[in-house]
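Have a look at the structure below, then the notes.
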Amino acid sequence: MTPSVQALVLVGGKGTRLRPLTLSAPKPMLPTAGAPFLTHLLSRIREAGITDVVLGTSYQAQVFAEHYGDGSSLGLNLTYITEEQPLGTGGGIRNVYDALTADTVLVFNGDVLGGTDIRDVVQTHRESAAEVTLHLVRVKDPRAFGCVPTDASGRVTAFLEKTQDPPTNQINAGTYVFNRSVIGEIPSGRPVSVEREVFPSLLAQGRHIHAHVDDAYWRDMGTPEDFVRGSADLVRGIAPSPALDKACGESLVLDGANVGRGAVLIGGTVVGRGATIGAGARLDGAVVFDGASIDAGAVVERSIVGFDARVGEGALVRDTVIGDRASIGARCELLRGARVWPEVTIPENGIRFSTDV
Ligand code: GDD
Ligand code: MG
């Protein structure tokens, strides 16, 4: 990739759908397969030969700089541009305009796990000579995304953000190639949505926005369900990441973790650094953050267990998010989208979904 391509990663969102985990860390910094989620995306950007990367921060901005510094550990030259008040996706792009030196700017939503070769998206942009190129993927239910119909030549004909009545299953995958001058046209100094304002207005002016459509791995990590699936896919090698040495198999146990006798770890489970898994516990698609403990005989399925949290003996935790340092008493049952706030203690047998204690 020529040095004339720069990247911007938007990481300023509050991550509300992942609360309470995002009360203490911004969404892109939550651990997935042993690294902050953002590390997987930054490694893909580096792999495409791009070294100049701007992070557009707002919520908990300092966390990114504390972790990545100048980016040299990833082979990147990282700079940070912070919005004091969140400016939205379009406002966040406009806000970095003065820091852009390249003519071609790749913009990434910071919460997407993808397998697309970034160079191919830039190539499509060059070949079509469009002013903006959008990476699109096909999904079963487009309603939670930006729906993007195209014509036979691959030109974008409309941009319909989160519509209840999508005309196609092609959606915005959250990676854009912009000619730098177009970014300069975005209104400055106020919140702007790139999806609801910038793209529709460019199309209304008859400007050329092109599509790069492919079937590579793709997942937005913004909900607990997707976060758990994406993390498991990284562990099992279904989602590629240059930040992982190799696909690890059914589970990944990080340094200093302790796994008791007869414990079963499957479904892409991750056991964080210094975490403890008791004898006979069963973890299936579990994401256990550093320092957490799962006591003997507990069952954790498709759930996230926050930093230093505890799941007591014989408890059942399924499709649940447990906040940092929360403590779930022995034989509790937490199911179907339950969310436990940080520090909360639930006593033994304190919550159950059945009557046989
Ligand atoms: N700098 C900055 N400022 N970044 C922001 C702001 C802001 O005010 N608001 C959101 N972001 C960042 C988030 O951190 C995230 O990385 C990205 O912008 C997208 O925001 P989400 O909140 O995750 O949006 P979404 O998932 O509902 O929808 C977006 O992504 C979908 C694909 O994953 C849209 O772009 C959809 O059209 C798209 O289909
Ligand atoms: Mg998202």
Side-chain angles (χ1 to χ4, degrees), residues 7-19 21-22 25-30 36-38 40-42 45 53-65 79-97 99 106-114 116 132 134-149 156 158-163 166 168-176 178 183 186 188-200 203 209 211-213 216-227 229-230:
L8 161 65
V9 187
L10 294 170
V11 291
K14 293 198 180 83
T16 49
R17 289 167 294 179
L18 275 172
R19 281 184 188 156
L21 301 169
T22 43
K27 171 168 63 174
M29 295 306 283
L30 293 176
F37 173 74
L38 183 58
H40 302 293
L41 175 56
L42 292 175
I45 293 173
V53 182
V54 182
L55 292 188
T57 60
S58 177
Y59 178 66
Q60 298 199 5
Q62 74 291 350
V63 177
F64 297 95
T79 49
Y80 305 86
I81 297 200
T82 302
E83 299 146 46
E84 294 306 326
Q85 295 299 323
L87 291 171
T89 47
I93 298 170
R94 176 64 178 85
N95 194 49
V96 309
Y97 181 65
L106 265 159
V107 178
F108 296 87
N109 283 349
D111 63 343
V112 169
L113 183 59
T116 296
V132 181
L134 311 182
H135 176 217
L136 309 182
V137 290
R138 299 181 191 95
V139 296
K140 280 205 192 80
D141 182 0
R143 287 173 301 177
F145 303 103
C147 177
V148 187
V156 170
F159 196 108
L160 309 160
E161 181 69 6
K162 300 190 177 120
T163 176
T168 157
N169 66 348
Q170 268 180 186
I171 60 125
N172 168 27
T175 299
Y176 322 123
F178 271 90
I183 295 177
I186 299 174
S188 66
R190 66 163 170 91
V192 180
S193 161
V194 78
E195 300 89 350
R196 295 179 194 276
E197 188 173 341
V198 177
F199 296 143
L203 291 168
I209 303 184
H212 176 91
V213 192
Y217 182 92
W218 186 86
R219 184 175 298 279
D220 177 304
M221 297 283 273
T223 64
E225 194 186 353
D226 281 314
F227 189 86
R229 286 277 297 276

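Values below: every heavy atom of this structure, side chains too, minus hydrogens, waters and symmetry copies. Counting starts at 1 for both ligands and their atoms, in listed order.
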>> Parallel, tilted or perpendicular, judged at 30° and 60°: which one describes the rings of Phe159 and Phe199?
In response: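 Plane angle between 30° and 60°, so tilted.
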> In Asp111, what N, O or S atom is nearest to the Mg ion (ligand 2), if we give its atom name?
Replying inline: OD2
>> Could you identify the N, O or S atom of Asp220 positioned closest to the Mg ion (ligand 2)?
In response: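 Of all N, O or S atoms belonging to Asp220, OD2 is the one nearest the Mg ion (ligand 2).
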>> Consider side chain to side chain contact (heavy atoms under 4.5 Å, CB included). Of Thr79, Ile81, Ile93, which one does Leu8 pass it with?
In response: Ile93
Any donor-acceptor N/O pair, [X] side chain to [Y] backbone, under 3.5 Å:
X      : Y      : answer
Tyr59  : Gly15  : no
Trp218 : Val137 : no
Thr168 : Pro149 : no
Thr116 : Ala216 : no

> Which protein residues have a heavy atom under 4.0 Å from ligand 1?
Replying inline: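 Only Leu10, Val11, Gly12, Gly13, Arg17, Lys27, Gly56, Glu83, Pro86, Leu87, Gly88, Thr89, Asn109, Gly110, Asp111, Val112, Phe145, Gly146, Phe159, Glu161, Lys162, Asn172, Tyr176, Glu195, Trp218, Asp220 have heavy atoms that fall under 4.0 Å of ligand 1, ordered by chain and number.
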> Taking atom types as modelled, is there a side-chain donor on Ser193 or Glu195 under 3.5 Å from an acceptor on the other?
Replying inline: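 A donor-acceptor contact under 3.5 Å links the two side chains.
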